[in-house]
Structure formats: structure tokens, C-alpha cells
Amino acid sequence: MRTTTTYAATALAAALGVTALAGCGGSGDEASDGTGGGSKTVTLVSHDSFNASDAVLKAFTEETGYKVKVLKSGDAGAALNQEILTKGSPRGDVFFGADNTLLSRALDNGLFTPYEAKGLDRVPADVQLDADQHRVTPVDTGDICVNYDKKYFADKKLDPPQTFDDLLKPAYKNLLVTENAATSSPGLGFLLGTVAAHGETGYQDYWKKLKDNGVKVVDGWEQAYNDEFSGSAGGRKAKADRPLVVSYASSPPVEVLYADPQPTEAPTGVATGTCFRQIEFAGLLDGARNEAGGKALLDFLIGKRFQEDMPLNMFVNPVAKDAKLPELFTKFGATVDEPATVAPEKIAKNREQWVQSWSSLVVK
């Protein structure tokens, strides 16, 4: 869900004065021979939004004997680029955060060693995008959607937009902020959503009109949501003036969870006709020092304990069919019945061209 490919709970928590857990363990437990055979630490390389409760990471250590060290590396795209640059000599054992918008880059660069995680029979086939080779394991899903500031629209006596086409209407001029599709996974997801809605030939005309209607583009999710969006806690502190932002269907529960006192209604809403479905994956890095620990961690990531921990830590949906969602997540989050999707092979073939065309139209 973003400064990352999943919802950036860490960034929002920071904006609200809440400290989010990065991980536990340390590099001092690494095996001296470099093979990982005796290592008691398994290193997870991730985007900045990875977050897990202390109790869950402790449970992993108790079950397996391995401590988890989390190495956060910025936005999902930036984190993936760093792994491509260190291919064969990875900075960790498992990479988390390659999503369906960027998956082909990871696979084409041979970043992962195939491993069929235990428990995949509990994961629906439609999110197992590499089921033939098991180079990556699906961990979560999320919907990238336009969020709106309820107070702004109520004060203006204006209905919030609900679809991509609504965003082109004069009533919403200069109200939307989105992330750069070349540098941010939610920005890229939103671009792909417009491709799904308007086709490979129509999306360019759509973006010309959206630019004419005053869309603002910033580098990443954290800036868009916490600095520019008037509906977020961070945005209110920053006196932000954009009541529409590209974020996630699961963003409203965050505004409730971290508020003190907690409101009975989320201050933000979701335009469910603007959503693009995101699937995030983890994989065992080729050349991992602790291959055994990495495999154990992949098993754990799709286990029921971790899957049920994710919704209120990373604000994403679990992929395991037996994982239960917490009431706060379901009560305040938006359900997206028909999100926009683009076939992975089509993304792989056209992503760079689409991003380049988008950049020339919107940024340059």
C-alpha cells in the first residue's frame, strides 16, 4: 500500500507521533563462513512500509530460532533497483515488496532462487502470478485508489468524485495530487488504472485532460499523503490544500487507528471507481547468505499469524484464505468489488513505454 508498494503505515505513524517497529535482531549473528549455515539472523530487504508487531516477529524467532533483521530501502521501486544493482551479492536473504506493477523487472533480472513456500494451498491461484516457477510468493493485496477529504467536500457542498472520468470535471480542478509514476508504485498503479479504464491509446488523452484540470505530481506517497493531502493527520498539520490524493482503499482505517480520541467515522473516504489492484510478493534472493532462514521466513510470511498481523500494521489485505480481518479494518476501509487490473504480461511488455509517455505528457 506508496512511498512504497504497500500502504506506508510507518510514514503515517511518524506524522502522528507514533513509533512503528522496523524489525528485530542484528547483523552480529551472521555466519562467519558466509554460507548462512550457522547464521541466527535472517535479513529481510524491503521498502519503507514493511511493519510487523513485536510479538509476531518474536513468535518467528521462537518457532525457527532465527531473528529477523529488516533493511528498509525507500520506495518499492528504489528498493528493487538496489537489489538489481547488487544482483548475486544481495544485501539480505529475502526481498519483500516487488508488486505486480514491477514484478517482471525482478524476474527478468534473475533476482530470486525458486522456492515453493509451505502453505501456498491456502492462497488463491489468481494471486500466484509465478506459480510455475515459484520464484516469488504472494504476501498481500491492496487497492490503489483516490482518497478524499470528507470535511472539504461537505463544507463545499460538493459530492466527491467516484470515477476516473469524474476527476476531469471542472468542479475538481486543482484538487488532486498524485505520485510520480516513474518513481512511486502507487503513482504507477494509478497510471495503470487509467490504462485499464481508457485503453492503451486513450490513456494519453485522459492524462492531457487531467493535467489541464490541475493535477499535481510529487515524487512519492509520503509527500503526497502527509504533506499535500488536506484529509490526513499530517496534511492538516502541514495546512495542505489538496483534498484528493492517490493512496489506498485501506487508508481511512489508519486515520482512525492513530487518532486520539478515535473518531466514530473516518475523516477520509475512497473513490472506489478509481482503484487498481496491487499484489505484493516476497522472494528468496539469489546468493542469500542464510538460505535456510530465508525459506523459513517465506513460510512464515504466508502463515496465519503474520497474515492476520498485516492489516493493522501495513494496512493491506492478507492473501491467505484462512486469515481473519480485524473489525477496525473492515469497518472503516473500503471494499473494492471490481478494481481495475492489467495482465502481468501486458505490464511487462508496455510498462516502460507507458511511463515514458506519461512523463513526457505530465512531468516535462
Side-chain angles (χ1 to χ4, degrees), residues 1-22 46-51 72-79 97 99 142-153 160 174-190 214-263 265-271 274-275 278 310-316 328-329 332-334:
M1 47 209 55
R2 26 211 158 190
T3 300
T4 63
T5 60
T6 62
Y7 186 76
T10 304
L12 182 57
L16 296 164
V18 179
T19 301
L21 179 68
S46 175
H47 52 58
D48 284 344
S49 292
F50 179 84
N51 198 38
K72 297 187 178 184
S73 303
D75 185 272
D99 67 13
D143 293 309
I144 296 168
C145 314
V146 170
N147 283 209
Y148 57 85
D149 178 353
K150 289 181 178 179
K151 184 177 185 303
Y152 174 91
F153 287 98
N174 299 325
L175 300 188
L176 175 65
V177 59
T178 188
E179 301 84 0
N180 191 321
T183 58
S184 167
S185 59
L188 177 56
F190 186 62
V215 64
K216 183 174 185 178
V217 178
V218 298
D219 286 340
W221 177 89
E222 184 176 354
Q223 182 183 357
Y225 194 86
N226 284 325
D227 296 341
E228 302 286 346
F229 177 47
S230 62
S232 70
R236 290 191 293 274
K237 290 181 180 179
K239 300 186 185 306
D241 61 1
R242 294 265 165 167
L244 297 172
V245 65
V246 173
S247 192
Y248 289 83
S250 55
S251 297
V254 187
E255 296 297 334
V256 174
L257 178 64
Y258 289 121
D260 186 15
Q262 288 187 358
E265 181 182 343
T268 60
V270 175
T274 65
C275 300
Q278 185 181 50
M310 288 192 305
L312 294 185
N313 279 287
M314 291 193 286
F315 297 90
V316 291
L328 185 144
F329 190 83
F332 297 105

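Residues Gly333 and Pro253 share a closest heavy-atom pair of N-CG, 3.4 Å. Between Gly97 and Ala76 the shortest heavy-atom distance is O-CB, 3.8 Å. The shortest non-hydrogen separation linking Phe190 to Thr178 is CD2-OG1, 3.8 Å. Minimum heavy-atom separation, Gly235 to Ser232: N-OG, 2.8 Å. Across all their heavy atoms, Ser185 and Ile144 have their closest contact at O-CD1, 3.8 Å. Scanning both residues, Pro243 and Ser230, for their nearest heavy atoms gives CA-OG, 3.4 Å.
For Lys150 (side chain) and Ala266 (main-chain N/O), a donor-acceptor pair under 3.5 Å exists by modelled atom type. A donor-acceptor pair under 3.5 Å links the side-chain atoms of Thr183 to the main chain of Asp219, judged by distance alone. Remark: side-chain polar atoms of Asn147 are paired, donor with acceptor, to backbone N or O of Tyr248 under 3.5 angstrom. Although no hydrogens or angles enter the test, the distance criterion places a donor-acceptor pair under 3.5 Å between the side chain of Ser250 and the main chain of Phe315.
For Pro261, the side-chain contact (heavy atoms from CB on, under 4.5 Å) test picks out no residue, with sequence neighbours left out. In this view, Ala224 and Val177, Glu179, Val218, Val245 satisfy the side-chain contact (heavy atoms from CB on, under 4.5 Å) rule, not counting sequence neighbours. Legend: residues meeting side-chain hydrogen bond (donor to acceptor under 3.5 Å, both in side chains) with Asn180, ordered by chain and number and at least two apart, are absent. Every residue meeting the side-chain contact (heavy atoms from CB on, under 4.5 Å) condition with Gln262, not counting sequence neighbours, appears here in chain and number order: Val256, Leu257, Leu328. Under the rule for a side-chain contact (heavy atoms from CB on, under 4.5 Å), the partners of Ala79 that lie at least two apart in sequence or sit in another chain are Ser73, Phe95.
The aromatic rings of Trp221 and Tyr225 sit parallel to each other, their planes meeting at less than 30°, with 60° as the upper class boundary.
Distance CG/Asp149 to CZ/Arg236: 7.5 Å, rounded to 0.5 Å. Taking CG of Leu175 as the start and OH of Tyr148 as the end, the distance is 14.0 Å to the nearest 0.5 Å. Atoms CD and SG, from Gln278 and Cys145 in turn, are 10.5 Å apart once rounded to the nearest 0.5 Å.
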Inset, instruction - Might you work through the side chain to side chain contact (heavy atoms under 4.5 Å, CB included) test for Leu244 and Phe153, ending with a clear yes or no? - result: CA-CA 10 Å; Leu244 297 172; Phe153 287 98; 3.7 Å; yes
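Looking at Asn174 and Arg242, their side chains come closer than 4.5 Å, going by heavy atoms from C-beta outward.
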